[in-house]
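Worth saying up front: this structure is predicted, and the values here are computed from it rather than measured. Chain A is the first sequence line, chain B the second, and so forth, proteins listed ahead of strands; every chain is numbered from 1.
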Number of protein chains: 2
Amino acid sequence: MNEQGTVSASVVSGGNRERGIDRVLTLFAYLNGRGRPVRVADLPKALGAPRSTIYEIVRVLTEAGMLEVSGDDNRVYFGRAMYLYGINYFRDNELIRRGSSEVEALSKMTGETSELCVLNRNRQAIIHTHPGSRPMRISSEVGSQFPIPWTASGRLLLSHMTPAEIRDLIEPEDLVLPDRRVVDIEGFIVECLAARGKSIVITRGLINSFSQCLAVPILGMHGEVQATICFVLPIDVTDEQRAVLQEHLIASGRKLSMHE
Amino acid sequence: MNEQGTVSASVVSGGNRERGIDRVLTLFAYLNGRGRPVRVADLPKALGAPRSTIYEIVRVLTEAGMLEVSGDDNRVYFGRAMYLYGINYFRDNELIRRGSSEVEALSKMTGETSELCVLNRNRQAIIHTHPGSRPMRISSEVGSQFPIPWTASGRLLLSHMTPAEIRDLIEPEDLVLPDRRVVDIEGFIVECLAARGKSIVITRGLINSFSQCLAVPILGMHGEVQATICFVLPIDVTDEQRAVLQEHLIASGRKLSMHE
DNA sequence: GATTGCTGTCCGATATACCAGACAAAACCT
DNA sequence: AGGTTTTGTCTGGTATATCGGACAGCAATC
């Protein structure tokens, strides 16, 4: 899935055709990965697609409201229809809806930042979050996505996989933490396997040096990890404080799980 | 903008082919309109598309996470990817973001239900809402969409259009109110034209007999109505109460507008 | 002001995605 | 049970959507 489409494309010449729908999905994934509006003229290179195709696709998707093009510098991004459609998912998905209100309740009760997370291919996505009341916030925005090795939730979300599957899923760049330290893949795999069946997983100092993450699984009908809830805490909370928070968190996880 | 181009399309023959991307967009619109998961097997009839095409499209979209298929009875609905993509829109769209927090502020300040609305083809969509503190709530859910003639916001959102455009946009069934009364299209057009340039529009007893709607426009750079904010109030608030609410609402509208 | 590069639009050829229809399996009837 | 309908999968042929490339309009550079 990486962008390999360099010069050598001339060799095969003919067989480069692709369905419109596939181009569309690639485009969506690319925009989501970039996280900011992209100039239409840059898309053909970025996606390895012909210019005429891209312009046509963008035109159709814009008319449908799935994308929006900013008037002045012709940058595309997700449109209102995508938002409205996505809201349906949120409203109708029992797990997400219950998890979100649980996250809010947790944060209001404890004053700490909590998040509801799911696996999205090779990223951990934040479905919902509620900021804590601490003066210094350590929170992420809804919709942001992290490399899995950065978080405690990530270890839980991969806990049902085999080492081979994990190795296949994790890209080399995912192992690089924000401060440039590199996570050892073998150690990471061991941590994921160890997370299986655990009621809570804690990571300290991964995303930054001054926070820690407490995550619990939300289990589906067959015991699989559907999602996680986590607290993002300062690294220096006392053991007593953490013990209380753990208890709340584990209770919430149980409450949302279909399976003990 | 309708697909009228094929003049000679002989009555029966093969001219029924359509692009995958168009099928996909139709499918999305249909699911959104239905508002609940739909059985895959029903889609071909509902969309007028060949079965093999639908099954293929659903497969691809499901793999990409744009749709989800419930395991037991094979119903499709919007998937997590749609939600995550849509969140990007929410996060990055300045108007929506500012409007949403304004709506929350308005509701917290006044205790009334307020909503942020935009035009979505021939529907008025609720982008964000915050319930009031009244014992009896009259609120809609985020993402729900109404026929334009039902609301005060709708009159503002169409106020820049010509009578012909309005006539073209409004479907006959949009004119039927929830209680079966029918809105007169000519009168509605007059109301839309009258809304042009107005700082506030009020409708009473349209969606139901016990509520009224106060809406103000959010104007873009060229004076066009980009969105509206509105209060949903009981029909029997006093004139003094309404005067105060109007003032707040108009102030919020001005604050979010690019243009006086 | 000539040159170069970039952007967006348009058009014809052809590779292929869509469609019709056959088939199997399950569900639903008498 | 036996027949009928519904559901999901698969395959080959053909209408057509995609792609390459040409073109015109701008902008930037020399």
Side-chain angles (χ1 to χ4, degrees), chain A residues 3-28 30-31 37-64 66-77, chain B residues 1-31 34 37-64 66-77:
Chain A
E3 198 41 56
Q4 197 79 342
T6 45
V7 194
S8 63
S10 55
V11 181
V12 247
S13 73
N16 210 10
R17 268 201 189 186
E18 205 166 321
R19 288 191 297 189
I21 181 174
D22 293 325
R23 298 279 188 208
V24 167
L25 294 174
T26 311
L27 170 59
F28 288 165
Y30 176 73
L31 287 180
V38 176
R39 296 185 333 120
V40 179
D42 291 338
L43 286 173
K45 293 175 301 232
L47 304 178
R51 279 175 342 121
S52 37
T53 306
I54 291 295
Y55 277 102
E56 170 67 7
I57 283 178
V58 168
R59 189 186 65 78
V60 172
L61 291 178
T62 304
E63 268 179 21
M66 303 292 291
L67 298 180
E68 273 178 22
V69 182
S70 73
D72 39 345
D73 60 346
N74 257 23
R75 287 173 184 273
V76 279
Y77 211 57
Chain B
M1 205 63 65
N2 29 6
E3 200 48 50
Q4 200 79 344
T6 57
V7 181
S8 62
S10 47
V11 184
V12 250
S13 73
N16 209 10
R17 266 200 192 189
E18 206 167 319
R19 289 191 297 192
I21 181 172
D22 294 325
R23 298 278 188 211
V24 167
L25 294 174
T26 310
L27 170 59
F28 287 164
Y30 176 73
L31 288 180
R34 292 279 305 200
V38 176
R39 297 184 333 119
V40 179
D42 291 338
L43 286 174
K45 291 175 302 228
L47 304 178
R51 285 182 328 127
S52 36
T53 305
I54 291 295
Y55 278 101
E56 170 66 6
I57 283 178
V58 168
R59 190 187 63 78
V60 172
L61 291 177
T62 304
E63 270 178 20
M66 304 291 292
L67 298 180
E68 274 179 21
V69 182
S70 72
D72 38 347
D73 59 347
N74 258 21
R75 286 172 184 273
V76 280
Y77 212 55

From the options dT16(D), dT14(C), dT9(C), select the nucleotide whose nearest atom is closest to the side chain of Arg17(A).
-> dT14(C)

Should Asn74(A) be listed as having a side-chain N or O under 4.0 Å from OP1 or OP2 of dG8(C)?
-> yes

In residues 18-27 of chain A, which ones come under 4.0 Å of DNA chain C, going by heavy atoms?
-> Arg19(A)

By side-chain hydrogen bond (donor to acceptor under 3.5 Å, both in side chains), which residues pair with Ser70(A), not counting sequence neighbours?
-> Asp73(A)

Glu56(B) CD - dT16(C) P separation (whole Å) | 15 Å

Tell me, please, which residues at least two apart from Ala29(B) pass side-chain contact (heavy atoms from CB on, under 4.5 Å).
-> Tyr85(A)

Partners passing side-chain hydrogen bond (donor to acceptor under 3.5 Å, both in side chains) against Arg34(B) (at least two apart in sequence or in another chain) = none

Those residues at least two apart in sequence (or on a different chain) that pass side-chain contact (heavy atoms from CB on, under 4.5 Å) with Thr53(B) are Arg23(B), Pro50(B), Ile57(B)

Asp42(A) and Val38(A) have their tightest heavy-atom pair at CB-CG1, 4.4 Å

Heavy-atom distance under 4.5 Å between the side chains of Phe28(A) and Leu67(A), does that happen here?
-> yes

note: Arg59(B), atom CZ; dC10(D), atom C1'; distance rounded to Å ~ 12 Å

Quick tally for nucleotides 21-26 of chain C: nucleotides whose base has a protein heavy atom under 4.0 Å get B, sugar-phosphate-only ones S, the rest -, giving BB----

Rounded to the nearest 0.5 Å, what separation is found between the OG1 atom of Thr26(B) and the CD atom of Glu18(B)?
-> 5.5 Å

Testing dA20(C), dG8(D), dA17(D) for proximity to the side chain of Pro50(B), the answer is dA20(C)

With both pairing distances under 3.5 angstrom for Watson-Crick or G-U wobble, and | for a partner in another strand, the correct string for DNA chain D is ||||||.|||||||||||||||||||||||

With sequence neighbours excluded, residues passing side-chain contact (heavy atoms from CB on, under 4.5 Å) with Ala46(B) | Tyr30(B)

Residue pair Val24(B) / Val24(A), side-chain heavy-atom distance below 4.5 Å = no

Are OP1 or OP2 of dC19(D) and a side-chain N or O of Thr53(A) less than 4.0 angstrom apart?
-> yes

Tell me which residues in residues 37-49 of chain B put a heavy atom below 4.0 Å from DNA chain C, sorted by number, or none.
-> none

Could you check how far CD1 of Ile57(B) sits from P of dG8(D), rounded to whole Å?
-> 16 Å

Closer than 4.0 Å, any side-chain N/O of Tyr55(A) to the OP1 or OP2 of dG8(C)?
-> yes

Could you pull out all residues at least two apart from Arg51(A) that satisfy side-chain hydrogen bond (donor to acceptor under 3.5 Å, both in side chains)?
-> none

Close side-chain approach of Leu27(A) and Ile54(A), heavy atoms under 4.5 Å = no

Would you please name every residue forming a side-chain hydrogen bond (donor to acceptor under 3.5 Å, both in side chains) with Glu56(A), sequence neighbours left out?
-> Arg59(A), Arg19(B)

Measure the distance from CD1 on Ile54(B) to P on dG8(D) and round it to the nearest whole Å.
-> 12 Å

